[in-house]
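Source: prediction; values computed, not measured. Convention: sequence-line order gives letters A, B, ...; per-chain numbering from 1.
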Amino acid sequence: MLDHEYTTKKVFRENFFNDWRKEMTHEEMSLIKDLDKCNFGDIHAMHKAKVEARKNMTKEEKQVLKEANQKIVDEYGYCLLDHHKERIGNFKIEPPGLFRGRGEHPKQGMLKKRIQPEDVIINCSIESCVPVPPAGHHWKEVRHDNTVTWLASWTENIQGSIKYIMLNANSKLKGEKDWEKYEVARKLKTCVDDIRNQYLQDLKSKEMGTRQRAVALYFIDKLALRAGNEKEEGETADTVGCCSLRVEHITLHEQLEGNECVVEFDFLGKDSIRYYNKVPVIRKVFKNLKLFLENKQPGDDLFDRLTTSLLNKHLSSLMQGLSAKVFRTYNASITLQQQLKELTNKKLLSYNRANRAVAILCNHQRAPPKTFDQSMANLQAKIDGRKEQLALAKTELKQAKKEAKAKGSSEPKLLVERKKAAVKRCEEQLLKMEVQATDREENKQIALGTSKLNYLDPRISVAWCKNTEVPVEKIYNKSQRDKFAWAIDMTEADFEF
DNA sequence: TTTCACACTTAGCAGCTTATTG
DNA sequence: CAATAAGCTGCTAAGTGTGAAA
């Protein structure tokens with residue numbers, strides 16, 4: 001932790017020191033007054049040594065550890081729901097530590113406290129045997145609420161929010177919910193044209209609130225923006241979604257790079273991931289935006305007459321179960337389906353391309369891997385090496401041909417065949433590496449996992465596998481197959497989202 | 001009408017394990 | 001066999017959205 005960048009941040013250090021002092025005895029308090037004068041070198045070295053020792057354990061020692069861990073999972077990692085044994089998603093309580101939010105979080109560095117049994121609420125059925133608290137302790141409460149899915153909960157001390165112990169994604173309960181989510185998105189498909197016509201009409205409304213709603217919906221639909229609930233200032237990092245966009249987050253361009261009516265977005269979204277995009281919009285949207293910006297300061301809300309609950313109330317009146325997030329699911333899944341139809345090269349690479357198109361739409365980014373530049377250079381070196389090898393193989397082939405012609409006997413012909421094969425092999429390997437290089441470069445900052453796990457109706461993927469004879473194992477690993485078992489079981493090749 | 005409490009999904013990252021490669 | 005890359009899992013923060021209370 002000591003060598004991490006955030007220990008140099010002012011906010012982090014102040015919050016930490018503040019909370020640390022609260023834990024001190026009087027004596028310590030009078031002794032330790034300045035964080036800059038504290039030296040954590042020893043404890044840091046000890047920690048590092050521990051990590052090193054772990055790494056250097058023998059195979060047998062590691063095996064023993066693994067088995068001990070498995071035992072814990074066997075004992076605490078499962079529960080019984082409706083007479084079915086189900087895996088629990090997160091059965092371990094979160095350990096204490098220093099809170100590190102994402103981005104410029106005002107609470108970074110604060111002490112996340114240890115949770116005691118006295119903080120924990122247990123939720124189980126009335127006829128089940130209640131788990132026994134650790135010796136000398138008691139639970140905060142034991143309740144029997146079958147209208148919720150959580151098994152245990154506690155309140156965390158940084159934000160005061162509730163944390164839950166819930167089932168694993170491969171459980172029947174979560175699977176059914178997942179299925180329902182995609183069914184709602186499919187229902188949107190049947191009425192999305194009407195809804196689009198509606199909001200295009202609303203762009204001309206006399207009501208300012210209605211116009212703002214229409215423009216917001218246009219963004220949510222076209223750009224897959226998140227709804228953007230309002231957040232309490234100073235409690236979290238300053239991030240926004242659609243409804244919470246501020247004047248400072250967009251720039252209007254009558255003309256830009258050969259396009260008319262371009263909106264330039266630049267803001268931090270969920271997890272403080274930057275959203276940067278230059279989008280040509282229809283004239284009516286552009287004109288409305290100009291109107292919304294009139295007489296406002298950079299820090300003012302773009303949509304001052306709109307909230308997510310107003311927007312969602314409207315949406316649910318248009319279709320049962322419709323809310324802003326459904327558009328993200330719908331647009332992600334429909335994009336995958338379209339892309340898979342367009343990319344006629346029925347290979348895994350096409351699937352990844354389609355997946356990538358969705359990830360870009362949803363702005364799913366990742367930090368480039370730490371070793372990215374190095375490994376890219378390594379790959380390039382390999383490509384160069386292979387190119388040389390290919391050139392050499394080609395000249396050798398020519399030479400062999402020449403000799404074969406001169407001698408005309410069968411022996412050199414055999415040599416020609418062998419050289420030909422070598423050239424071919426070389427070319428194939430080269431091509432493979434080049435494809436790999438492109439793929440890796442294109443994927444540098446893009447995270448595919450999030451859309452695969454949360455936005456893409458798995459039935460689209462399963463059907464594609466059936467049609468292309470790509471084994472489903474190639475696109476879903478074991479835990480993904482478990483999560484999507486419902487889709488793998490029920491999907492035929494002719495499935496349409 | 002606004003705020004709050006609550007429950008649930010969505011998100012990226014660290015660190016480990018496994019596969020690949022030379 | 002060792003080095004490197006790829007794949008995977010666990011973790012927990014950060015969103016969404018509903019319904020009740022103020």
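Annotation: side chain of A:V120 is not in contact with side chain of A:S153 (no heavy-atom distance under 4.5 Å). When side chains are defined from C-beta on, A:N355 counts as touching A:K452, because their heavy atoms get closer than 4.5 Å.
Distance, A:I446 CD1 to C:dA6 P: 16 Å, rounded to whole Å. If you take CZ of A:R440 and P of C:dT4, they are 13 Å apart, rounded to a whole angstrom. For A:I220 and C:dG15, the CD1 to C1' distance is 14 Å, given to the nearest whole Å. For the pair A:I158 CD1 and C:dA13 C1', the computed distance is 11 Å after rounding to whole Å. Atom OH of A:Y164 and atom P of C:dA13 are 15 Å apart (whole Å). Between the C1' atom of C:dA14 and the CZ atom of A:R100 lies a distance of 14 Å, rounded to the nearest Å. In this structure, NE2 of A:H105 is placed 13 Å from C1' of C:dG15, rounded to the nearest angstrom.
Counting non-hydrogen atoms under 4.0 angstrom, A:T371 reaches nothing in the nucleic acid. No engagement by A:E156 is indicated, since no non-hydrogen atom pair under 4.0 Å with the nucleic acid exists. Residue A:T239 is in sugar-phosphate contact alone, with no base atom involved, counting any heavy-atom pair closer than 4.0 Å across all strands shown.
By the ring pair (Phe, Tyr, Trp, His ring centres under 6.0 Å) test, A:Y182 is found to be paired with no residue, residues two or more places apart in sequence or in another chain being considered.
Two residues, A:K62 and A:Y455, neighbour DNA chain B, and the one matched to the more 5' nucleotide by heavy-atom proximity is A:Y455. Of the residues near DNA chain B, A:L453 and A:R386, the one whose nearest nucleotide (by heavy atom distance) lies more toward the 5' end is A:L453.
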side-chain contact (heavy atoms from CB on, under 4.5 Å) between A:N363 and A:I273, worked out: CA-CA 8 Å; A:N363 199 40; A:I273 296 289; 3.9 Å; yes
Test side-chain contact (heavy atoms from CB on, under 4.5 Å) applied to A:L348 and A:T468, step by step: CA-CA 9 Å; A:L348 191 58; A:T468 56; over 6 Å; no
Letter per nucleotide, 5' to 3', of nucleotides 16-22 of chain C [B base touched, S only sugar-phosphate touched, - untouched; heavy atoms, 4.0 Å]: BB-----
Polar pairs (N or O, both sides) under 3.5 Å between protein and nucleotides 8-12 of chain C?
unit_1, atom_1, unit_2, atom_2, d
C:dT9, OP2, A:S479, OG, 2.9

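The closest donor-acceptor contact from the side chain of A:N90 to the backbone of A:Y164 lies under 3.5 Å. Remark: side-chain polar atoms of A:N477 are paired, donor with acceptor, to backbone N or O of A:S479 under 3.5 angstrom.
For the pair A:R87 and A:Y78, the cation sits on the ring face: its NZ or CZ lies under 6.0 Å from the ring centre, inside 45° of the axis.
When all heavy atoms of A:K62 and A:R54 are compared, the pair lying nearest together is CE-O, 3.9 Å. The heavy-atom pair separating A:L151 from A:C79 by the smallest distance is CD1-SG, 4.0 Å.
For the pair A:D178 and A:K174, the salt-bridge criterion is not met [side-chain N within less than 4.0 Å of a carboxylate O]. Salt bridge A:E86/A:K172: absent, no basic N to carboxylate O contact under 4.0 Å. The pair A:D238-A:R246 meets the salt-bridge criterion, with a side-chain N (NZ, NE, NH1 or NH2) lying under 4.0 Å from an Asp/Glu carboxylate O.
Residues of residues 169-177 of chain A having a heavy atom closer than 4.0 Å to DNA chain C: none are found. Contacts of residues 47-56 of chain A with DNA chain C (heavy atom under 4.0 Å): none.
When DNA chain B is scanned in the 5' to 3' direction for atoms under 4.0 Å from non-hydrogen atoms of chain A, the outermost contacting nucleotides are B:dC6 to B:dG22.
Checked by atom type, the side-chain pair A:E156/A:S161 shows a donor-acceptor distance below 3.5 Å.
Counted within 6.0 Å of NE2 on A:H44, heavy atoms from surrounding residues, nucleotides or ligands total more than 12; the atom is thus considered enclosed. Shown here is A:N69, whose CG atom has more than 12 heavy atoms of other residues, nucleotides or ligands within 6.0 Å.
A side chain to side chain contact (heavy atoms under 4.5 Å, CB included) with A:T335 is found for exactly one of A:L340, A:I360, A:V358, namely A:V358.
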